[in-house]
Amino acid sequence: MGKTPLINKILKKKEKTMKTRFPFEINIDENKFKLEYRELKKSEARDLVGEFAELKKQIDASDALKSEIASLEEKKEIKNGIASTQSGDKKAKTLQEVLALIEQIDAKRAEQKELANASIDLDVAAKKRFDLTLGGEDIEKFKAEIEDKGLSYLSVMGAIDAAIEAERVKK
């Protein structure tokens with residue numbers, strides 16, 4: 001049995017289209033730029049999530065090192081306090097333990113510094129997302145403006161996300 005024209009009209013109204021491209025305008029100070037945002041492909045999204053996961057792992061490792069260093073510093077202070085009440089061989093043994101703790105602290109600090117030097121810059125990941133998702137007639141002028149003003153890609157992508165969200169909710 002066929003559908004009536006009224007039912008067809010109702011069904012067409014209820015159909016939703018998923019947009020993967022969003023043209024939008026964004027201002028930096030008095031300059032207006034016409035851009036287009038493109039949703040990430042699955043593979044691109046996986047790559048970015050992987051970069052952010054690696055960054056989180058490095059931050060967690062750095063936090064763990066900070067805790068270890070704090071604990072070792074506390075032990076060192078306690079041992080120094082104990083050494084101040086001792087004399088002779090006992091004091092020498094306790095001071096050797098303090099020296100061993102200082103070496104451990106120095107090693108942990110070096111490890112922490114190495115981890116900090118190797119860490120992924122969050123702004124680099126935001127720039128990668130910027131490069132993957134943005135296009136449009138003013139993209140080159142927009143990039144030049146960002147560089148000229150010294151803006152963080154992380155903050156730029158935050159503003160773009162807000163503009164895209166506004167486009168998504170438009171009816």
Side-chain angles (χ1 to χ4, degrees), residues 8-76 101-171:
N8 284 337
K9 189 176 180 181
I10 292 170
L11 287 175
K12 283 186 180 181
K13 274 191 171 182
K14 291 196 175 214
E15 288 178 6
K16 296 284 182 185
T17 302
M18 183 176 160
K19 291 177 72 175
T20 60
R21 295 186 177 274
F22 300 91
F24 68 101
E25 290 183 357
I26 192 163
N27 297 337
I28 297 179
D29 297 329
E30 65 282 345
N31 300 322
K32 184 180 277 190
F33 302 92
K34 291 182 180 186
L35 302 171
E36 182 178 83
Y37 178 84
R38 175 187 65 80
E39 292 288 345
L40 288 170
K41 295 175 185 171
K42 282 183 186 181
S43 60
E44 294 168 333
R46 269 194 301 272
D47 289 346
L48 278 177
V49 167
E51 284 188 37
F52 283 111
E54 181 63 29
L55 178 62
K56 183 181 180 332
K57 198 164 62 171
Q58 290 175 345
I59 290 169
D60 290 346
S62 179
D63 287 347
L65 282 171
K66 284 179 188 175
S67 293
E68 286 181 54
I69 291 169
S71 176
L72 290 170
E73 289 281 2
E74 193 173 318
K75 286 179 185 176
K76 181 184 87 172
L101 288 170
I102 291 171
E103 288 174 8
Q104 287 178 356
I105 291 168
D106 288 344
K108 296 291 180 187
R109 284 191 177 137
E111 191 178 338
Q112 187 180 31
K113 185 176 181 179
E114 185 178 313
L115 189 60
N117 288 339
S119 72
I120 298 170
D121 185 355
L122 201 51
D123 207 52
V124 170
K127 178 158 185 349
K128 184 174 182 178
R129 181 171 167 241
F130 176 96
D131 290 337
L132 288 170
T133 59
L134 290 180
E137 64 184 73
D138 292 338
I139 190 66
E140 293 306 319
K141 289 192 290 185
F142 188 59
K143 285 180 183 179
E145 184 79 4
I146 290 168
E147 294 300 323
D148 184 52
K149 301 250 186 217
L151 299 174
S152 151
Y153 280 93
L154 194 59
S155 64
V156 169
M157 286 309 297
I160 289 169
D161 287 339
I164 297 310
E165 190 58 34
E167 287 295 318
R168 283 187 173 139
V169 297
K170 277 186 181 176
K171 297 200 178 191

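Residue E74 places its CD atom among 12 or fewer non-hydrogen atoms of other residues, nucleotides or ligands, all under 6.0 Å distant. Dense packing is recorded around NZ of K149, with more than 12 heavy atoms of other residues, nucleotides or ligands lying under 6.0 Å away. At most 12 heavy atoms of other shown residues, nucleotides or ligands fall within 6.0 angstrom of atom NZ in K141.
Inter-residue side-chain proximity for I164 and M157 is flagged as unmet; no heavy-atom pair is nearer than 4.5 Å. Within the 4.5 Å cutoff, the side chain of K143 has heavy atoms near those of the F130 side chain. Side-chain contact between Y37 and L134 is present, with heavy atoms from C-beta onward closer than 4.5 Å. Residues F142 and I28 form a side-chain contact, since some pair of their non-hydrogen atoms from C-beta on lies under 4.5 Å apart.
Annotation: the span from S62 atom OG to E111 atom CD amounts to 10.0 Å, rounded to 0.5 Å. In this structure, CD1 in I160 is found 13.5 Å from CZ in F22, a value given to the nearest 0.5 Å. One finds the CD atom of E137 at 10.5 Å from the CD atom of E36 (value rounded to the nearest 0.5 Å). Of the inter-residue distances, the one linking I105 atom CD1 with L72 atom CG reads 5.0 Å to the nearest 0.5 angstrom. Between atom CZ of residue R21 and atom OG1 of residue T133 there is a gap of 10.5 Å, rounded to the nearest 0.5 Å. With rounding to the nearest 0.5 angstrom, the CG atom of L65 is 14.5 Å from the NZ atom of K113.
Residues F24 and A163 come closest through the heavy atom pair CD1-CB, 3.9 Å. When all heavy atoms of A61 and L115 are compared, the closest pair comes out as CB-CD2, 3.6 Å. Taking all atoms of both residues into account, the shortest heavy-atom contact from D123 to S152 is OD1-OG, 3.0 Å. Nearest heavy-atom pair, G135 versus I139, reported as atom, atom and distance to 0.1 Å: C-CB, 4.0 Å.
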Test side-chain contact (heavy atoms from CB on, under 4.5 Å) on K75 and Q104 and set out the steps.
CA-CA 11 Å; K75 286 179 185 176; Q104 287 178 356; over 6 Å; no
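For the pair D60 and K56, the salt-bridge criterion is met [side-chain N within less than 4.0 Å of a carboxylate O].
Not a single donor-acceptor pair under 3.5 Å links the side chain of D138 to the backbone N or O of L35.
Paired with R109 under the rule salt bridge (Lys or Arg N to Asp or Glu O under 4.0 Å), one option of E73, E114, E68 passes, and it is E73.
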